[in-house]
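For clarity, every value in this text was computed on a predicted model and none was experimentally measured.
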Amino acid sequence: MGFATTAIHTGQEPDPTTGAVTVPIYQTSTYAQDGLGKHKGFEYARTQNPTRSALEKNLAALEGAKFGFAFASGMAAIDATLRLVKAGEHVVVSDNTYGGTFRLFTRVLTNYNIQFDFVDTSEVLNVEAVMKPNTRMVFLETPTNPVMIVTDLRAVSDIAHKAGARVVCDNTFMSPYLQRPIEFGVDIVVHSTTKYLNGHSDGIGGIVVLNDEADADWIGFIQNSAGAILSPFDSWLVMRGTKTLALRMEQHDKSGRAVAAFLEEHPKVRKVYYPGSAAHPQHALARRQQRGFGGMVSFDVGSLSAARVVLESVKLCTLAESLGGVETLISHPATMTHASVDAEKRDRLGITEGLVRISVGLEDTDDIIADLDQALERI
Ligand SMILES: Cc1ncc(COP(=O)(O)O)c(C=O)c1O
């Protein structure tokens, strides 16, 4: 089955009791049992919920994985994934991850004696250089948030596997429609479903998908033990979202390319970060491992005051954190999504005070560009 067919049908078969074509929201905390030890496979809703299971099956299929586990947020999904690593073990991480991931790793998980090395994973040699005998995981984000650095998934997976480490990829920026990391050797894919998978900016959620049975057993055990599950209603919202994922991503990609091209020509813009641009340092790699380039574009206007003018002058674009929804969102990474990263590191990564990030939505492309144009003219 093709991607769109899988998105619409896998896990979302008509309800066996009523024939409802949409999976019902099983809003229940528990299930009646016929007798002691006699039940229909459902005992308690932290452990099993049919709406959540349907979403887990759907998202696993979209990423080409056997198992899926849905969590209350992207961060809860990432936290559960890191429970595969034990005290005294070491993790290599992409230097420029989402700020919340950096915060969880450096402020929380280091307290449990998990060691982290943050490197620019777009240089494969950097990964090789920090691998240690106790390295158990390489955690990648590609393209990174917000400066769009692309990592070679195949090359890093080969290095990690030789050293006996799993590879995890946060695929939030691309969605499985534009990038399927498991096809390049990655072991585990995580998403903030809050973004493109839900796609309508109306729910927070996360997913972990993988093929290894032992690791899947442990993630499922953590999901039930720690209990950061996705609610039935939020699971349903994400399923509603994935039905149109292919169409939405096509349009995000189309408008993303047009917005990036417009910004590249604009005299007030100093630099554009977009893997679809021929000037992007990993453009050729992005062409190889992505089906498109998506709707995330960052650009530098040179100073905090210029960024403020743009962010406060836009009328159609909404100044807000988050991304991947139908509406165009615009944000300031240095003070918003990446405020938890220290200033020296932000500067080194290119997350300057003049950097603006845009999540290109599904409005008419010309309207988005016209709005950016009038805002840039005010600098
Ligand atoms: C790339 C990436 N990963 C993970 C997360 C965390 O997801 P959530 O906000 O759903 O916890 C985000 C949120 O912005 C993100 O952009």
Side-chain angles (χ1 to χ4, degrees), residues 3-4 6-12 22-27 49-63 65 68-81 98 100-101 141 145 169-181 189-209 223 228-253 255-256 292 294-296 317-318 320-331 336-337 357-363:
F3 187 93
T6 305
I8 292 166
H9 292 288
T10 304
Q12 313 207 56
T22 301
V23 174
I25 301 166
Y26 285 90
Q27 194 68 32
N49 181 281
T51 319
R52 195 177 81 224
S53 303
L55 173 69
E56 292 170 338
K57 201 169 156 195
N58 182 249
L59 293 182
L62 291 181
E63 284 287 3
F69 300 93
F71 290 88
S73 69
M75 289 321 304
I78 292 171
D79 184 55
T81 304
Y98 166 60
T101 303
E141 207 178 289
N145 179 1
C169 178
D170 182 335
N171 200 23
T172 300
F173 262 38
M174 287 285 97
S175 90
Y177 183 71
L178 294 181
Q179 175 170 274
R180 304 220 312 162
V189 176
V190 296
H191 282 272
S192 164
T193 62
T194 313
K195 313 295 169 7
Y196 288 108
L197 294 174
N198 171 303
H200 296 72
S201 307
D202 53 15
I204 298 281
I207 188 84
V208 182
V209 302
Q223 186 192 41
I229 47 160
L230 192 63
S231 76
F233 182 53
D234 286 305
S235 299
W236 184 89
L237 285 173
V238 180
M239 268 189 287
R240 181 276 322 264
T242 61
K243 285 175 187 161
T244 56
L245 184 64
L247 281 174
R248 287 189 287 107
M249 292 318 295
E250 282 289 336
Q251 187 58 39
H252 282 300
D253 183 51
S255 291
M296 296 304 299
C317 307
T318 304
E321 297 208 7
S322 204
L323 59 110
V326 293
E327 59 290 285
T328 297
L329 300 179
I330 196 161
S331 66
M336 295 168 78
T337 49
R357 189 189 80 178
I358 174 162
S359 167
V360 179
L362 301 181
E363 303 92 341

Steps toward side-chain contact (heavy atoms from CB on, under 4.5 Å) verdict (Leu329, Glu321): CA-CA 7 Å; Leu329 300 179; Glu321 297 208 7; over 6 Å; no
Stepwise side-chain contact (heavy atoms from CB on, under 4.5 Å) check, Ile207 with Glu63: CA-CA 11 Å; Ile207 188 84; Glu63 284 287 3; over 6 Å; no
Step-by-step side-chain contact (heavy atoms from CB on, under 4.5 Å) determination, Asn145 to Met296: CA-CA 9 Å; Asn145 179 1; Met296 296 304 299; 5.8 Å; no
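With contacts defined as side-chain heavy-atom distances shorter than 4.5 Å, the pair Leu323/Tyr196 qualifies. Residues Glu250 and Tyr177 have side chains in contact (heavy-atom distance under 4.5 Å, counting atoms from C-beta outward). In this structure, Arg357 and Ser331 have side chains that are in contact, with non-hydrogen atoms separated by less than 4.5 Å. Counting only heavy atoms from C-beta outward, the side chains of Lys243 and Thr22 approach each other to under 4.5 Å. Within the 4.5 Å cutoff, the side chain of Tyr98 has heavy atoms near those of the Met75 side chain. Contact of the Val189 side chain with the Val209 side chain is registered, since non-hydrogen atoms from C-beta on lie closer than 4.5 Å. Within the 4.5 Å cutoff, the side chain of Gln12 has heavy atoms near those of the Asn58 side chain. Within the 4.5 Å cutoff, side-chain heavy atoms of Leu197 are placed close to those of Leu245.
Leu230 and Ile204 get closest at one heavy-atom pair: CD1-O, 3.5 Å. Residues Ser175 and Met249 share a closest heavy-atom pair of OG-CG, 3.4 Å. Closest of all the heavy-atom pairs between Arg52 and Ala70 is CG-CB, 3.9 Å. Of all the heavy atoms in Ala77 and His191, the pair that sits closest is CB-O, 4.5 Å. Residues Asn171 and Pro181 come closest through the heavy atom pair ND2-CD, 3.4 Å. The two residues Gln179 and Cys169 make their nearest non-hydrogen contact at NE2-SG, 4.3 Å.
Expressed to the nearest 0.5 Å, how far NZ of Lys195 lies from CE of Met174 amounts to 14.0 Å. With rounding to the nearest 0.5 angstrom, the CG atom of Asp79 is 10.5 Å from the OG1 atom of Thr101. Atoms OG and CZ, on Ser192 and Phe173 in that order, are 10.0 Å from each other to the nearest 0.5 Å. From Phe69, atom CZ reaches atom CG of Leu55 across 12.5 Å, with rounding to the nearest 0.5 Å.
Distance alone, capped at 3.5 Å, is enough to place a donor-acceptor pair between the Arg180 side chain and the Leu62 backbone. Although no hydrogens or angles enter the test, the distance criterion places no donor-acceptor pair under 3.5 Å between the side chain of Arg248 and the main chain of Leu362. With hydrogens and angles disregarded, a donor-acceptor distance shorter than 3.5 Å links the side chain of Thr193 to the backbone of Gly205. The main-chain N or O of Leu247 is never found under 3.5 Å from a side-chain atom of Thr244 such that the two would form a donor-acceptor pair. A donor-acceptor contact shorter than 3.5 Å links the side chain of His252 to the backbone of Val360. With hydrogens and angles disregarded, a donor-acceptor distance shorter than 3.5 Å links the side chain of Thr328 to the backbone of Gly361.
With sequence neighbours left out, the side-chain contact (heavy atoms from CB on, under 4.5 Å) criterion links Pro232 to Ile25, Gln27, Asn49, Thr51.
Between Glu327 and Ser201, the side chains place a donor N or O and an acceptor N or O closer than 3.5 Å (distance only, hydrogens not considered).
Note on residues 170-179: no pairs pass salt bridge (charged side-chain N to carboxylate O under 4.0 Å, His left out), not counting sequence neighbours.
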